[in-house]
Protein chains: 2
Amino acid sequence: MPRKKQYDPEEVLQKAMHVFWKNGYRSTSLRLLEKELGINQFSIYSSFENKHTLFVKALKRYRKYMREGILQVLIRSDGDLEDIRRFFKTFVDTIQSAKSPSGCLIANTAAEIGSSDHEIHKVLKEYFDMMEKIFLELLKKSHQRGLLADDINLRRKAQYLVTCTEGLSLSSKVMERSYHNAFISAVMDSLEK
Amino acid sequence: MPRKKQYDPEEVLQKAMHVFWKNGYRSTSLRLLEKELGINQFSIYSSFENKHTLFVKALKRYRKYMREGILQVLIRSDGDLEDIRRFFKTFVDTIQSAKSPSGCLIANTAAEIGSSDHEIHKVLKEYFDMMEKIFLELLKKSHQRGLLADDINLRRKAQYLVTCTEGLSLSSKVMERSYHNAFISAVMDSLEK
DNA sequence: CTTATTTCTAAGCGAATGTTTAGATATTAA
DNA sequence: TTAATATCTAAACATTCGCTTAGAAATAAG
C-alpha cells in the first residue's frame with residue numbers, strides 16, 4: 001500500500017557525514033542538508049528524527065568509514081612500524097585533499113562540542129578508544145618482533161599515537177604540508193628502539 | 001563635551017576572549033556577549049566594529065595572554081628540558097580547569113574556522129609560528145648544554161612540540177587527565193638524548 | 001478501479017541570529 | 001547655564017535557524 005522512498009537512507013547518511021565533516025555541526029543548516037542530500041526537510045526528519053540524531057549517526061558512520069578505509073593499513077599490519085608512517089601520510093592526504101579539506105570529523109567535533117553534549121561525547125570517546133586499540137595491537141606485534149625497546153609501555157605509546165593523530169588533524173587546518181612531514185618524521189623517530 | 005565611556009574597552013576585550021574561548025565563535029551570540037561583557041550591543045559595535053572584528057581582536061589578545069602567562073616558563077627557561085614538562089602540565093591544568101574547561105582557543109578556532117577565513121587563519125598561523133619560535137629558543141639552549149643529541153633537527157623538533165601541544169588541547173576535550181599525563185611522559189621520553 | 005497508507009512538496013511556525021536606529025542621558029567647553 | 005557631542009537604553013530591522021504541518025502524489029493490496 002505505501003509509497004516507496006525515493007532515496008536510500010544509507011546513501012543519504014553518507015552524504016550527511018561529508019556535509020558535517022566539511023562545515024561542522026552548528027554551521028550545517030537544514031537548508032544546506034536539504035540541498036546536499038537531495039531530499040526534503042520532511043524526509044530528513046522522517047528518516048533521522050532531527051538534526052542532532054542525524055549528526056550522531058553521521059559521527060558513527062565516520063568511525064565505520066575510517067575503520068574500513070585508511071585505518072586498514074594499521075589493522076592489517078604485521079607490526080612493521082613503517083605502516084604507522086604510511087597511515088599518517090595517507091591521513092594527511094585525506095584531511096588536506098581538495099575533496100575534503102576539513103581535518104578529521106572527530107577532532108573538529110571534539111573542538112566544537114567537546115564534552116558539553118553527553119551523547120556526542122560518548123561517540124568521541126569511543127573513537128579515541130578504537131584508535132588506541134588499533135595502535136596497541138600493532139605495537140604488540142612490533143614488540144613481539146623485537147622492533148621496540150623491551151621495557152616499553154605499549155598502552156602509553158598507543159595513547160601517545162592517538163593524540164599525535166588528532167594533533168596532526170588540527171595543525172593540518174593551519175599549517176602547510178611540509179610542516180606535517182616534519183611532525184611525522186619526529187613521531188617516527190620517537191618510536192625507534 | 002562628550003560623555004565618558006562607562007566601561008574599559010580593554011577589560012571588555014579580556015572578557016570577550018573568555019566568552020569566545022568557552023563557546024566558540026559561532027555559538028557566541030551578541031546577546032550572550034551583551035550579558036557577559038556587561039555592555040549594550042550598541043557599545044560593542046561602537047567599540048569593536050562588529051562580531052568578526054571583535055573575535056579577531058580577542059584571538060590576538062589570547063596570544064598575548066598566553067605569551068605573558070603560562071608560556072613564560074618556556075620563554076624564561078635556561079634550556080632545562082623539564083621546563084617543557086612543566087609547561088605541558090600547567091597547560092593541561094589551564095584547559096581542563098573548571099574556570100575555562102574549553103581547551104585552547106587557537107585549537108578550537110582552527111577546528112571551527114580553519115583556513116576558510118583569511119584574516120582569522122592569519123592569526124592562527126602567527127600563533128603557531130610564535131609557539132615554534134618559543135620551543136626552538138628553548139631547544140637551542142638545551143642543545144648548547146649538551147642535553148640533546150648532536151645531530152638533532154631543532155626546528156623539526158620545535159614544530160613537533162607545537163603539534164603535540166595542540167593535540168593535547170584537543171584530546172583534553174574528550175579524555176581524562178591520566179590520558180594526558182601518559183602523553184606528556186611519552187613526549188618527554190622522545191626528547192631524551 | 002478503489003482505497004488505505006506512506007512519502008512527497010511547499011509553505012509556514014516561533015525563536016534566534018547579526019546589525020542598525022531613534023531618542024534619552026550624560027559630560028564638558030564656552 | 002547653555003550648547004555641542006558622545007554614549008547610553010531599548011526597540012526594531014531583515015534574515016536565518018530548527019522544526020512542523022496541510023495537502024498533493026504515488027504505491028500496492030483488495
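Numbered from 1 within each chain, the chains take letters A, B, ... in sequence-line order.
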Exercise. Rounding to a whole Å, what distance do you find between A:Lys35:NZ and D:dT16:P?
Worked result: 13 Å
Exercise. Roughly how many Å is it from CG in A:Leu32 to C1' in D:dT15, rounded to a whole number?
Worked result: 16 Å
Exercise. Does A:Ser43 put a side-chain nitrogen or oxygen below 4.0 Å from OP1 or OP2 of C:dT7?
Worked result: no
Exercise. In whole angstroms, how far is the P atom of D:dC8 from the CG atom of B:Asn40?
Worked result: 8 Å
Seminar exercise, completed: To the nearest angstrom, the CG-P distance between A:Leu33 and D:dT16 comes to 16 Å
Exercise. Of the nucleotides D:dC19, C:dT19, C:dT21, which has the atom closest to the A:Leu30 side chain?
Worked result: D:dC19
For this session: Please say whether the positively charged group of B:Lys157, taken as NZ for Lys or CZ for Arg, lies over the ring of B:Tyr160, i.e. under 6.0 angstrom from the six-membered ring centre and within 45 degrees of the axis.
Result: yes
Exercise. Roughly, in whole Å, what's the span from NZ in A:Lys51 to P in D:dC19?
Worked result: 8 Å
Exercise. Using a cut-off of 4.0 Å on non-hydrogen atoms, how would the nucleic acid contact of B:Thr28 be classed: base, sugar-phosphate, or nothing?
Worked result: sugar-phosphate
Problem set entry | Atom-to-atom span, CD1 of B:Ile44 to P of C:dT20 - whole angstrom | 13 Å
Problem set entry | Most 5' of A:Glu34 and B:Asn50 on DNA chain C, judged by nearest nucleotide | A:Glu34
Problem set entry | Carboxylate-amine/guanidinium contact B:Lys140 B:Glu137, below 4.0 Å | yes
Exercise. Under a 4.0 Å N-O cut-off, is there an ion pair linking B:Asp117 with B:Lys122?
Worked result: no
Exercise. Under 4.0 Å between a side-chain N/O of B:Tyr7 and OP1 or OP2 of D:dC8, yes or no?
Worked result: yes
Exercise. Can you tell which of B:Arg145, B:Arg86, B:Lys141, B:Arg85 makes a salt bridge (Lys or Arg N to Asp or Glu O under 4.0 Å) with B:Asp80?
Worked result: B:Arg86
For this session: Measure the distance from OH on A:Tyr25 to C1' on D:dC17 and round it to the nearest whole Å.
Result: 12 Å
Problem set entry | Between C:dT7 (P) and A:Leu37 (CG): distance, integer Å | 17 Å
For this session: By nearest nucleotide on DNA chain D, pick out whichever of A:Phe42 and A:Arg26 is the more 5' one.
Result: A:Arg26
Exercise. Is A:Gln96 reaching over with its side chain to a backbone N or O of A:Ser172, donor-acceptor style, under 3.5 angstrom?
Worked result: yes
Exercise. Out of D:dC19, D:dC8, D:dA12, which nucleotide sits closest to the side chain of B:Arg31?
Worked result: D:dA12
Problem set entry | Among D:dT20, D:dC17, C:dT17, the nucleotide that comes nearest once only the side chain of A:Tyr45 is considered | D:dT20
Exercise. Given C:dA16, is OP1 or OP2 found less than 4.0 Å from the side-chain N or O atoms of B:Ser29?
Worked result: no
